[in-house]
Amino acid sequence: MAAENNQTEEKTKGPDFIRQIINEDLAQGKNDGKVHTRFPPEPNGYLHIGHGKSICLNFGIAEDYKGVCNLRFDDTNPTKEDQEYVDSIIEDVRWLGFDPEIFYASDYFDQFYAWALELIDAGKAYVDSQSADEIRQSRGTPTKPGVDSPYRTRSVEENRDLFTRMTAGEFEEGSCILRAKIDMAHQNMNMRDPAIYRIRKESHHRTGDKWSIYPMYDFAHGFEDAIEGITHSICTLEFENHRPLYDWFLNNVSAPCHPRQIEFARLNLSYTVMSKRKLLELVTEGLVAGWDDPRMPTLSGFRRRGYTPASIRRFAREIGVSKVNSLVDISFLQFIIREELNENADRAMAVLDPLKVTITNYPEGQIEELEAENNPGNPEAGCRMVPFGREIYIERDDFMEEPPRKFFRLAPGKEVRLKHAYFITCDEVIKDNNGNVTELLCSYDPATKGGDSPDGRKVKGTLHWVSAEKAVEAEVRLYDNLFSLENMDDMEEGKDYKDYLNPESLVIRKAMVEPSLVDAPAGKSFQFLRQGYFCADTGDHSSAHPVFNRTVALKDSWAKMQKKNK
RNA sequence: UUGGACGUCGGCAAGCGGUAAGCCACCGGGUUUUGAUCCCGGCAUUCGCAGGUUCGAAUCCUGCCGUCCAAGCCA
């Protein structure tokens with residue numbers, strides 16, 4: 001009943017502007033009613049969550065319309081590309097939950113070449129022997145028209161000859177390029193005789209040394225789409241100015257079809273950078289531990305941090321798609337993974353900053369196993385046994401000698417509950433010579449076993465703990481934002497993005513964790529009670545040396561209240 | 001007078017001429033053996049600004065303002 005009400009009352013979100021365009025195309029009977037998209041990364045780095053948005057968009061549309069989405073490597077520039085990157089991209093796309101057919105732009109080099117010849121023969125392309133510098137000078141500016149190259153009027157025969165020799169490797173890099181002959185005075189600078197082929201005497205990761213010329217993005221991309229029968233070529237906003245060129249190439253060659261380019265706003269996340277150049281720099285300069293460092297906004301980074309594919313997919317769906325340049329708050333992503341892990345992650349106890357507590361009236365040498373539920377929201381998750389003894393550790397933050405108002409935790413003379421165990425009261429505080437608290441002497445109430453008092457007396461605080469004797473030491477890595485600036489586009493004049501690296505983005509703790517955690521398989525997520533969600537690290541965790549990464553902390557309204565009062 | 005794109009709550013984002021959805025954040029209140037979760041309630045008389053058209057405008061028109069993209073032989 002309630003569910004029915006929900007369905008009728010809940011307004012459903014309309015299709016995004018891209019799906020609206022597709023719907024219109026379909027209504028007009030275009031593309032035989034088919035929808036075919038593609039995700040076309042250049043293999044020059046690891047995928048980040050911005051790519052994740054694009055992947056979910058393109059594959060999501062294909063699913064919605066019972067169409068297909070290709071994974072295509074846009075490998076037209078051998079200088080920056082590498083097989084390591086294509087491997088990682090395939091892994092990441094599959095991890096996100098998609099299993100596409102894989103294509104390579106480099107497989108189309110022969111066809112591109114034939115189309116270049118077509119343009120030359122039609123008098124629509126020419127070999128320009130000016131230097132890169134001269135070409136730049138003569139291109140003009142947004143407000144000033146460019147001037148024609150002196151080589152613009154070369155004959156078809158001469159262009160063919162020169163282009164053939166370029167291809168044969170007769171010329172040095174930079175000595176000449178093939179250009180489209182369009183309009184040097186065009187308002188759109190991309191139309192001022194753009195480069196089509198440049199000479200690169202470098203080995204390509206797939207075609208080896210077969211080619212000494214490589215096609216430019218603008219020339220190649222529409223053709224790649226057309227060859228694969230793409231109907232909607234979805235890309236980011238900065239390519240808006242390239243669309244006229246995309247169309248021009250398709251219109252001036254015998255292409256099999258004419259895909260429609262649609263642009264959307266790329267994802268920006270607060271407190272991080274999203275450019276491949278910068279991410280590569282962080283890796284090569286050792287500022288992070290690698291592409292999959294849990295602080296990185298890469299898909300592999302999020303994976304190692306403990307994010308699930310479903311959480312990334314949901315994030316992509318909920319931020320939507322539009323043409324507005326926007327900055328999405330990283331806390332929105334955190335909200336989503338918290339919600340998922342709250343439902344699915346087993347609870348466990350871990351003390352990150354241990355303070356020893358001796359329960360003076362508890363029998364010496366005795367250890368008892370107490371039952372602990374794995375997930376209070378899900379009885380099917382079952383229970384586990386947790387060892388309890390005379391000596392335990394609690395969180396140092398959970399004790400204050402002179403507590404402020406409303407401090408519900410341990411303090412001299414105060415009683416609290418140890419989760420799943422007993423009520424204890426703090427009787428005595430032991431300090432070292434410097435006045436630092438080193439140990440607490442407490443007494444427990446045997447009648448409160450399990451955490452309930454038979455006399456009905458209430459206690460405000462419930463603490464997590466571990467048995468000092470049975471607990472296991474673990475390395476716990478606490479991650480925070482990689483950068484300290486919310487919007488990395490707001491850097492001060494003269495400052496570099498690296499000036500904003502957050503020195504506390506990684507804090508390592510020697511924690512004491514309950515013994516059940518040593519058996520945790522790498523990658524498995526837990527909620528460490530009252531702390532946050534942690535996963536066993538996929539790189540370094542083992543039973544002999546447990547390592548847990550904090551995916552995200554729990555909400556902490558006590559900490560928030562404290563901060564406000566300051 | 002360069003061209004193009006975009007401006008709806010603190011952050012995303014619906015809305016497409018019939019009188020401002022939703023989510024996050026935030027602020028109350030309740031439940032709770034996690035100060036978590038969960039539950040209940042509040043949160044844009046106004047859509048960059050100014051005019052105009054209309055019975056009626058966030059939606060149409062005009063002008064202005066602001067932001068982003070564009071001068072790679074990168075993608």
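To find a chain, count down the sequence lines: A is the first, B the second, and so on, and within it residues start at 1. These figures come from a predicted structure and were not determined experimentally.
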Inspect the contact between [Y] and [X] and indicate whether a charged nitrogen and a carboxylate oxygen are less than 4.0 angstrom apart.
X        : Y        : answer
A/Arg457 : A/Asp445 : yes
A/Arg72  : A/Glu224 : yes
A/Asp225 : A/Arg38  : yes
A/Arg384 : A/Glu371 : no
A/Glu240 : A/Lys323 : yes

Item to complete: Report yes or no: is the cationic atom of A/Arg550 (NZ for Lys, CZ for Arg) under 6.0 Å from the centre of the six-membered ring of A/Tyr533, at an angle within 45° of the ring normal?
Response: no
My understanding is that a pair needs two contacts under 3.5 Å, Watson-Crick or G-U wobble. By that rule, which nucleotide pairs with [N]?
N      : result
B/rG66 : B/rC6
B/rU37 : none
B/rU53 : none
B/rA13 : none
B/rC26 : B/rG42

Worksheet entry | Full working for side-chain contact (heavy atoms from CB on, under 4.5 Å) between A/Arg206 and A/Glu81 | CA-CA 10 Å; A/Arg206 295 191 77 246; A/Glu81 297 158 7; over 6 Å; no
Counting any heavy atom closer than 4.0 Å, what does [X] reach on the DNA or RNA strands: base, sugar-phosphate only, or nothing?
X        : answer
A/His186 : nothing
A/Lys460 : nothing
A/Asn188 : nothing
A/Glu263 : nothing
A/Pro41  : nothing
A/Asp452 : base
A/Val416 : nothing
A/Ile319 : sugar-phosphate
A/Arg347 : base
A/Leu327 : sugar-phosphate
A/His242 : base
A/Lys323 : sugar-phosphate

Discussion item. Any N or O donor-acceptor pair under 3.5 Å from the base of B/rG35 to the side chain of A/Arg409?
Written reply: yes
Discussion item. Between B/rU37 and A/Glu343, counting only base atoms on the nucleotide and side-chain atoms on the residue, is there a donor-acceptor pair under 3.5 Å?
Written reply: no
Just to confirm, is there a sub-4.0 Å distance from OP1 or OP2 of [N] to any side-chain nitrogen or oxygen of [X]?
X        : N      : answer
A/Arg198 : B/rC74 : yes
A/Ser322 : B/rC6  : no
A/Gln187 : B/rC69 : no
A/Arg243 : B/rA70 : no
A/Ser557 : B/rA36 : yes
A/Arg136 : B/rG72 : yes

With the side chain of [X] defined as its heavy atoms from C-beta on, choose the nearest nucleotide among [options].
X        : options                : value
A/Thr141 : B/rU34, B/rA71, B/rC73 : B/rA71
A/Leu554 : B/rA36, B/rA75, B/rA71 : B/rA36
A/Phe407 : B/rG35, B/rC12, B/rG72 : B/rG35
A/Ile177 : B/rC73, B/rA75, B/rG35 : B/rC73
A/Glu240 : B/rA71, B/rG4, B/rG35  : B/rG4
A/Thr462 : B/rC73, B/rU34, B/rG11 : B/rU34
A/Lys80  : B/rC74, B/rC12, B/rU34 : B/rC74
A/Val324 : B/rC16, B/rA13, B/rC73 : B/rA13

Discussion item. Within the supplied structure, the quantity of interest is the number of heavy atoms (other residues, nucleotides, ligands) at a distance under 6.0 Å from A/Arg266 CZ; does it exceed 12?
Written reply: no
Discussion item. For the residue pair A/Glu380 / A/Asn378, report whether a side-chain donor-acceptor contact shorter than 3.5 Å exists.
Written reply: no
Worksheet entry | Side-chain H-bond candidate by donor/acceptor type, A/Ser331 with A/Asp329, under 3.5 Å | yes
Fill in: Rounded distance (Å) that lies between atom C1' of B/rA75 and atom CZ of A/Arg38
12 Å
Worksheet item: Toward the 5' end of RNA chain B, which comes first, A/Ala195 or A/Arg417, by nearest nucleotide?
Response: A/Arg417
Worksheet item: Pick the nucleotide of RNA chain B nearest each of A/Arg530 and A/Ser326; which residue has the one closer to the 5' end?
Response: A/Ser326
Worksheet item: How would you label the glycosidic angle of B/rG66: syn (within 90° of 0) or anti?
Response: anti
Worksheet item: Does the side-chain ring of A/Trp558 lie flat on the base of B/rG35, meaning centres under 5.5 Å and planes less than 30 degrees apart?
Response: yes
Worksheet item: Where along nucleotides 23-31 of chain B does protein come under 4.0 Å, by heavy atom, of base (B) or sugar-phosphate alone (S), with - for untouched nucleotides?
Response: SSSSS----
